[in-house]
Amino acid sequence: MTPLELVRSFLENRLGVEPVRVEPASTLVDLGVDSMMMLELMFEFETHLGIRLPSDLSSPQTVGDMLDMMDRLAQA
């Protein structure tokens with residue numbers, strides 16, 4: 001599962017967001033992601049990508065921001 005597919009699946013299952021609405025330019029707030037949902041989504045990435053999120057991680061604004069952040073962490 002790609003990171004984008006992970007975000008799409010997560011938002012569809014948790015919030016009922018249609019996967020076609022989840023694009024890199026989509027803002028997380030517009031998709032219904034609040035601070036608690038953001039944490040859950042980031043923990044989902046930890047589990048699926050086998051990465052460890054640093055405690056000083058800034059909160060992404062868009063799906064693309066989140067994907068870029070997770071990609072950088074996975075490569076580190």
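- A heavy-atom distance below 4.5 Å is not found between the side chains of Glu12 and Val17.
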Could you go through the side-chain contact (heavy atoms from CB on, under 4.5 Å) check for Gln61 and Thr27 one step at a time? CA-CA 6 Å; Gln61 301 300 309; Thr27 63; 5.9 Å; no
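- Considering CE of Met66 and CE of Met70, their distance stands at 5.0 Å, rounded to 0.5 Å.
- Residues near Val20 contribute nothing to a hydrophobic cluster around it, because no ILVMFWY side-chain heavy atom sits closer than 4.5 Å to its side chain.
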Between Arg8 and Glu23, does a salt bridge (charged side-chain N to carboxylate O under 4.0 Å, His left out) hold up when you go through it step by step? CA-CA 9 Å; Arg8 285 177 171 159; Glu23 294 294 328; 2.8 Å; yes
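- The heavy-atom pair separating Ser58 from Met69 by the smallest distance is O-CE, 3.3 Å.
- A distance of 10.0 Å separates CE of Met37 from OG of Ser35, quoted to the nearest 0.5 Å.
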Could you pull out every donor-acceptor pair under 3.5 Å between side chains of residues 39-53 and any protein atom, sequence neighbours left out?
residue : atom : partner : partner atom : Å
Glu46   : OE2  : Leu53   : N            : 2.9
Thr47   : OG1  : Phe43   : O            : 3.2
His48   : ND1  : Glu44   : O            : 3.2

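- Remark: the backbone N or O of Leu31 is not paired with any side-chain donor or acceptor of Ser26 at under 3.5 angstrom.
- Residues in residues 64-76 take part in these side chain to side chain donor-acceptor pair (under 3.5 Å) pairs, two or more places apart or across chains: Thr62-Asp65, Asp71-Gln75.
- Hydrophobic cluster membership differs between Val63 and Val29, with clusters built from Ile, Leu, Val, Met, Phe, Trp and Tyr side chains linked at under 4.5 angstrom.
- Side chains of Pro19 and Glu5 form no contact here, defined as non-hydrogen atoms less than 4.5 Å apart.
- Taking each heavy atom of Leu73 and Pro54 in turn, the nearest pair found is CD2-CD, 3.9 Å.
- Taking all atoms of both residues into account, the shortest heavy-atom contact from Val22 to Leu11 is CG2-CD1, 4.0 Å.
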